[in-house]
Structures are given as structure tokens and as C-alpha cells.
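A quick note: this is a predicted structure, and the numbers were derived from the prediction, not measured. In this chain, numbering begins with 1 at the start of the sequence shown. The analysis underlying the following values was restricted to heavy atoms, covering all of them including side chains, and did not include hydrogens, waters or symmetry mates.
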Amino acid sequence: MNKIIITLVTILIILIAIIAGVWMFNNAKVADNTDTNNLLSNNINLSEKVTDECVEEWEEMQNDLNTIDTTANDVKLSPNCSFTFQKHYLVCDHTAIEYTNIPQEAVNKTEEELQQEYSDWKVEKFTENEVILSKDFDGECGEHYVLRNVDGNVVVFKIVNGIEEEYEKTDISVDYMTETDKISFENGLKVYGKQNLSQILEDFE
């Protein structure tokens, strides 16, 4: 009788252990699924948050670019603006530069309006206080000179369309020059630019 009771108790304990094991396994699986779902949910929320932030940053960048474009288009020339004209001559490949104050009619103009006003010029630089315009010209720049010995004195000739035209007679005598300088003036001493011309004449005076 005692053996039967012991056997029944043992079987009962084993059944309870099995039931408890199955119950614990099922609870652990449910908890695992819950954690996984929470993780997926958090990832989705994080992804949505990142996407939202990227969209917001992109919209801010677009707004900034639009602001910059609008600001650039709104720049207008002040009454104190300086104008620089760069004239490039194709024959001699020289560029003559002229500086001037802003023309009255250009005050308060935008870059687009200025370009319409100077349609045959290229706008190289445009700010409120400085404008640089450039343009190509046929022919020579008009600042090419030749210094020659005429009757013992130096005479300056200006080259116009390949032809020498008398430009200035000087009192500079070639009598006291070195032989090398005399030969230079006999052959014709070529000079480019008024500033260089003035310097050479000053050196020989």
C-alpha cells in the first residue's frame, strides 16, 4: 500500500513539474514576443523621427537658398559705386582699363537691370559698391608709340591702325646719347602705354 502511494505521489510531482515547465516556457515566449514588438515599434518611431528631421533640415536649406537668391537679386548699386571698364583689343591683345564713377542713370539698378543697360558688355563683378565690365574690341588699343630720331631730336609717333602718326616733338637731343641708344632711336624705339612713354622721355631729358 505504501509503495502505491509513493508511486502516485511521484507521478503527481512529475506531472506538476511538466505543467509548471510548459507554463514557464509559454510565459517566456510571450515576453520575448512583446520585447520584439516593442523594439520594432521603437525602431519605426525612430525611423519616422529621423525622416522628419531630414525633411525639416532639407526644407530649411531650401528656404535659405531661396533667401540668398532673393537677396542677391535685390542688391542695388549705391551712389558711391565705382565702375571699371576693361577693354580688350584683339589685334594687340592688350587690355585698357578705365575707372570712373557710377553713371547717374545706373544708381539703384540691380545686376539684371545693369546687364540690360550694358547688353554688349559682360558683367565680371557686381556688388553694391563695385562693378567691373569687360568687352572685346577689334583693332589696337591706341597706346602703341614709336620714338624716332628726326633731325637730331626725339619725336614720338603714335601707331593708329598700323600707321605712324606724329604725336609729340621733344627737345631731347640724340647727340649726347650712347651709340646703342642712338641706334635704338634710328630704328624706332617701340613703347606701349602712356605711363611707359612718360617714363622713357623723363629718363632721356
Side-chain angles (χ1 to χ4, degrees), residues 61-174 177 180-181 183-205:
M61 288 174 62
Q62 289 295 105
N63 290 336
D64 290 342
L65 289 174
N66 291 335
T67 302
I68 291 172
D69 289 340
T70 302
T71 303
N73 292 331
D74 287 344
V75 173
K76 295 184 178 181
L77 300 178
S78 76
N80 299 321
C81 179
S82 64
F83 265 55
T84 301
F85 294 92
Q86 297 178 344
K87 300 179 180 180
H88 177 241
Y89 293 88
L90 299 176
V91 172
C92 61
D93 199 30
H94 288 144
T95 300
I97 299 177
E98 297 179 6
Y99 302 95
T100 182
N101 294 326
I102 182 173
Q104 188 62 37
E105 62 273 13
V107 175
N108 289 327
K109 284 189 180 297
T110 63
E111 182 173 357
E112 183 178 354
E113 292 170 338
L114 183 73
Q115 185 64 80
Q116 291 176 355
E117 186 76 19
Y118 293 88
S119 57
D120 52 344
W121 290 76
K122 180 181 178 181
V123 179
E124 300 287 353
K125 184 176 182 180
F126 183 94
T127 66
E128 181 182 355
N129 296 312
E130 183 181 11
V131 168
I132 299 178
L133 302 171
S134 67
K135 182 179 178 182
D136 289 337
F137 289 84
D138 294 328
E140 296 179 343
C141 63
E143 291 201 26
H144 293 264
Y145 305 91
V146 176
L147 282 63
R148 296 188 181 278
N149 174 9
V150 179
D151 298 329
N153 287 340
V154 174
V155 176
V156 180
F157 294 87
K158 187 175 185 178
I159 301 176
V160 180
N161 297 324
I163 300 173
E164 295 182 13
E165 298 179 355
E166 188 175 298
Y167 178 76
E168 179 184 354
K169 291 181 179 179
T170 73
D171 295 328
I172 301 173
S173 174
V174 299
M177 294 182 181
T180 301
D181 289 335
I183 294 173
S184 296
F185 286 109
E186 286 294 334
N187 294 333
L189 180 63
K190 293 183 178 181
V191 180
Y192 166 68
K194 290 182 179 180
Q195 186 174 353
N196 292 330
L197 175 63
S198 299
Q199 185 61 53
I200 289 175
L201 294 179
E202 184 178 334
D203 291 341
F204 282 100
E205 283 181 347

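For the salt bridge (Lys or Arg N to Asp or Glu O under 4.0 Å) condition, the pairs that include at least one residue of residues 91-110, sequence neighbours left out, are K87-E98. Annotation: side-chain hydrogen bond (donor to acceptor under 3.5 Å, both in side chains) contacts involving residues 192-205, sequence neighbours excluded, comprise Q199-D203.
If you take CD1 on I200 and CG on L147, they are separated by 6.5 Å, rounding to the nearest 0.5 Å. In this structure, the separation between CG on L114 and CD on Q116 is 9.5 Å, given to the nearest 0.5 Å. Atoms OH and CZ, from Y118 and F83 in turn, are 5.0 Å apart once rounded to the nearest 0.5 Å. Distance check: E140 CD to C92 SG gives 5.5 Å after rounding to the nearest 0.5 Å.
The side-chain heavy atoms of V131 and I102, taken from C-beta on, include no pair separated by under 4.5 Å. Contact check for K135 versus W121: side-chain heavy atoms found under the 4.5 Å cut-off. In this structure, the side chains of D181 and L189 stay at 4.5 Å or more apart for every pair of heavy atoms. N108 has its side chain out of reach of E113: every pair of non-hydrogen atoms, C-beta onward, lies at least 4.5 Å apart.
Annotation for G139 and Y89: closest pair O-CB, 3.5 Å, computed over non-hydrogen atoms.
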* **side chain to side chain contact (heavy atoms under 4.5 Å, CB included) evaluation trace for M177 with I172** => CA-CA 10 Å; M177 294 182 181; I172 301 173; 3.7 Å; yes
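Remark: E130 pairs with K125 by the salt bridge (charged side-chain N to carboxylate O under 4.0 Å, His left out) rule, at least two apart or across chains. With sequence neighbours excluded, the residues that form a side-chain contact (heavy atoms from CB on, under 4.5 Å) with L90 are H88, D136, D138. With sequence neighbours excluded, the residues that form a side-chain contact (heavy atoms from CB on, under 4.5 Å) with T84 are Q86, I97, Y99, I132.
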Name every donor-acceptor pair, under 3.5 Å, that has one atom in a side chain of residues 149-166 and the other anywhere in the protein, sequence neighbours excluded.
unit_1	atom_1	unit_2	atom_2	d
N149	OD1	G152	N	2.9
N149	ND2	E186	OE2	2.6
K158	NZ	G142	O	3.3
E164	OE1	R148	NE	3.0
E164	OE2	R148	NH2	2.8

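Screening Q115, E112, E111 for a side chain to side chain contact (heavy atoms under 4.5 Å, CB included) involving F126 leaves a single residue, E111.
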